[in-house]
Amino acid sequence: LREQMRRGEILPGSVIDMEETSRKLGVSRTPLRDALLQLESEDFVTILPRRKVVVNVLSAQDIKNYYEIIGALESIAIIKSFDRLRQKDFEFMDRLNQEMKQAIENNNFDLYYEKNLTFHNVYLNACGNEKLMRIVNNLKKRLYDFPRPPAFVKEWEEVSVGEHAQLLKYLKNGQKEEAARFIRDVHWSFEVQEKYIVKYYQHIASEG
């Protein structure tokens, strides 16, 4: 179901018919309901009475809230992982950032996205808090796979690569607090990134 949402086969605002979906997927209603309960816990859908399931629309306020949560949690992750990160981790992150730059030049957003997740997961994995990492990655799915636009804002990704380089500079220089603030107050700041967010999520531009 999440993959169908990512591909745009199930659109925000639509209603999922449980009986029809059960038949199409070839599964009984029990595992389907379990899957929908999982998606509801991740804020993808809302389950209403009489087996009606509505696919949630991602609003500007949702995006702002998610950025605030992700920024706060990734900031904590950097503080917790700081003493565990080694030179090989920095070299890996630097290589990933160069591969992201190459992906942008080749207009390969899917590759950029996967490398970007891996970059952030270096310190998320090292922080030793699996629940924190699960929450962050679920919110990123909500932000970028709902559905994932076929195109991307090239200028935004180029700026993001530059921000990754700045974050790495703080980490390499032993500037823990600066790195944590930067990830929260710049990289995951809705206000800082808003001009790109509005271009990426074009449907929110018309919101009041």
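Computed from a prediction, not measured in an experiment: that's the story for all the values here.
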Is atom [atom1] of [X] surrounded by more than 12 heavy atoms (other residues, nucleotides or ligands) closer than 6.0 Å?
X    : atom1 : answer
E130 : CD    : no
E68  : CD    : no
K172 : NZ    : yes
K169 : NZ    : no
K101 : NZ    : no
R29  : CZ    : no

Nearest-0.5 Å distance that lies between atom [atom1] in [X] and atom [atom2] in [Y]:
X    : Y    : atom1 : atom2 : answer
L73  : I78  : CG    : CD1   : 11.5 Å
N137 : R142 : CG    : CZ    : 15.5 Å
Y201 : L143 : OH    : CG    : 4.0 Å
F82  : E177 : CZ    : CD    : 9.0 Å
Q98  : K115 : CD    : NZ    : 12.5 Å
T21  : I10  : OG1   : CD1   : 6.0 Å

Under 30°, 30 to 60°, or over 60°: which ring-plane class applies to [X] and [Y], parallel, tilted or perpendicular?
X    : Y    : answer
Y67  : W188 : perpendicular
Y112 : F109 : parallel
Y200 : Y144 : perpendicular

Test salt bridge (charged side-chain N to carboxylate O under 4.0 Å, His left out) on K154 and E158; report intermediate values, then the result. CA-CA 6 Å; K154 197 166 188 175; E158 290 170 344; 5.2 Å; no

So do [Y] and [X] actually touch side chain to side chain, heavy atoms under 4.5 Å?
X    : Y    : value
H164 : L96  : no
Q4   : L25  : yes
L167 : H187 : no
L171 : M93  : yes

Shortest non-hydrogen contact between [X] and [Y], atoms and distance:
X    : Y    : answer
V161 : M100 : CG2-CB, 4.1 Å
D62  : V57  : OD2-O, 3.3 Å
L1   : A35  : CD1-CB, 4.3 Å
N108 : L111 : OD1-N, 3.0 Å
S22  : L32  : N-CD2, 3.7 Å
L124 : A77  : CD2-CB, 3.7 Å

Give a yes or no answer on whether the side chain of [X] reaches the backbone of [Y] with a donor-acceptor pair at less than 3.5 Å.
X    : Y    : result
S81  : R84  : no
E157 : I104 : no
N125 : N121 : yes
E42  : L139 : no
S75  : G71  : no

Hey, is R23 close enough to E19 for a salt bridge, meaning N to O under 4.0 Å?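 Answer for the salt bridge query: no.
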
Begin with the C-alpha distance, continue with both residues' side-chain angles, and end with the deciding distance and a verdict on side chain to side chain contact (heavy atoms under 4.5 Å, CB included) for H120 and V136. CA-CA 10 Å; H120 287 264; V136 168; over 6 Å; no

Identify whether L11 and I47 are in the same connected component of the hydrophobic contact network (ILVMFWY, side-chain heavy atoms under 4.5 Å).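 Different clusters: L11 never reaches I47 through Ile, Leu, Val, Met, Phe, Trp or Tyr contacts under 4.5 Å.
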
Does one side chain, of D34 or Q38, offer a donor that lies under 3.5 Å from an acceptor on the other?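 No - no donor-acceptor pair under 3.5 Å links their side chains.
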
For the residue pair S160 and Y196, confirm or rule out a side-chain donor-acceptor distance under 3.5 Å.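 S160 vs Y196: no donor-acceptor pair found between side chains.
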
